[in-house]
Amino acid sequence: MSFSNTTINISALNEHRDIGPTLSVVVPFYNESEVLAEFHQRLSWVLSQISGTTEIIYVDDGSVDGSQEIVKSFSAINCTIKCIALSRNFGKENAMSAGLKHALGQAVVIIDADLQDPPELIPKMVCKWRMGFDVVTMKRTSRAGESWFKRFSAGCFYTLLNKMTSLNVPENVGDFRLMSAKVVKHINDLPERTRYMKGIFAWPGFKQTTIEFERDARYLGQTKWNYLKLVGLAMDGITSFSIRPLRIATILGAMVASSAFIYGLFIITKTMVYGEAVTGYPSTMVVQLALGGIQLLSIGLLGEYIGRIFVEVKQRPLYLIADIHECKQSEIKHENLASIRENV
Ligand code: UDP
Ligand code: MG
């Protein structure tokens, strides 16, 4: 079934979460034609072992390599498959937001398509959710295929983020996680346009637990992030959850201004006592450069916040949907499927 109508009443759909599937798996992907078939095979095998109904929500974030056609060709044997095609590349954060809006499950798992997050861990996550946890985060104990510089800069960023914001965003915990419908609803209700999802995921709180896992290297293909994009994401993370950088700029300004005042008094006194008039060129330069640097930094910081206010007030949608393709769970049941489900 295929709709081109993008004005589906999502909030009405969300009202019916309690009668929706047990589990939704949200998979944002962008140009992942090399890995999708293997990913889908592994994921659907895993879902066949979970009792209850399941759905996979693939979000095509503007792929141009035929990934969407691959997903549309998948047959829904153990689960319902939806493919939400965005009208262009809106970025992973927005693609995840689109997936969460359309997920109707009582629990929702977010997973990358490149098999860095093993789908085989989903039953463990579901187990924790059935034990009463609302959020099951997945902590990487190893980050195979990532350079030491990426690991080091990620470590520095998380320390900075947690110091600068009142959030507790744990290090080495990515987007791979399970959330109950209650948490997903609160996240969907957040109106902001700057979607730094690791911060947004941490914001609602609720009962949390963590499972540790070894993160594999990418199955095939290339990462979609470069350092410039990561720096942008880091700036989004800090500025959308804290105004502490502005406060630091104010404190720094006050400190520099008061030391300048004290230094001024010192110079005046020195001139009056010793009558020195023209010396002190190096110290003047130092003070000027220091002040200029701090001023530019503070203006840049202000600009970061104003830029974000600009994005927020425009109230543009987070993404546009070009097409939704849905493939309902087939009536065909594997002979041994029922017995496998009973054991889980
Ligand atoms: N992704 C996306 N939109 C983008 C970039 C990435 O939906 O603009 C998807 C990508 O296809 C993958 C997941 O987000 O399923 C993680 O991306 P990637 O593996 O490139 O990131 P990394 O694992 O290197 O952080
Ligand atoms: Mg990856």
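Quick caveat, the model's predicted, so the values are computed rather than measured. When a ligand or atom number is given, it counts from 1 through the structure's own listing order. Note that the numbering runs from 1 along the sequence shown for the chain. As a basis for the values below, the full set of heavy atoms in this structure was taken, side chains included, without hydrogen atoms, waters or symmetry mates.
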Under a plain distance cut-off of 3.5 Å, with no hydrogens placed, do Ser33 and Asp65 share a side-chain donor-acceptor pair?
yes
Which of the atoms of ligand 1 are close to Tyr30, meaning less than 4.0 Å from one of its heavy atoms?
1 (N), 2 (C), 3 (N), 4 (C), 7 (O), 8 (O), 11 (O)
Mind checking salt bridge (charged side-chain N to carboxylate O under 4.0 Å, His left out) for Glu120 and listing every partner two or more places apart, or none if nothing turns up?
Arg42
Looking just at side-chain N and O atoms, do Gln106 and Thr22 make a donor-acceptor pair shorter than 3.5 Å?
no
Going by atom types alone, do His325 and Tyr58 pair a side-chain donor with an acceptor below 3.5 Å?
no
How does Asn89 reach ligand 1, by side chain, by backbone, by both or by neither, if only non-hydrogen atoms under 4.0 Å count?
side chain
Testing the 3.5 Å rule here: is there a donor-acceptor pair between the side chains of Ser97 and Arg195?
yes
Looking at Glu93, Met96, Lys92, Gln116, the heavy atom closest to atom 14 (O) of ligand 1 belongs to Lys92
Tell me the angle that OE1 of Gln116 and OD2 of Asp114 form around the Mg ion (ligand 2), rounded to 10°.
100°
If we ignore angles and hydrogens, is there a donor and acceptor under 3.5 Å between the side chains of Thr194 and Arg308?
no
What heavy-atom pair brings Glu32 and Phe29 nearest, and what distance separates the two atoms?
CG-CB, 3.9 Å
Within ligand 1, which atoms have a heavy atom of Glu32 less than 4.0 Å away?
10 (C), 11 (O), 12 (C), 15 (O)
What atoms of ligand 1 come closer than 4.0 angstrom to any heavy atom of Asp114?
19 (O), 23 (O)
Show which atoms of ligand 1 fall inside a sub-4.0 Å distance from at least one heavy-atom site of Phe29.
7 (O), 11 (O)
Under 4.0 Å from a heavy atom of Asp61: which atoms of ligand 1 are those, numbered in the order shown and with their elements?
2 (C), 3 (N), 4 (C), 7 (O), 8 (O)
In terms of atom number and element, which parts of ligand 1 are under 4.0 angstrom from non-hydrogen atoms of Ala113?
15 (O)
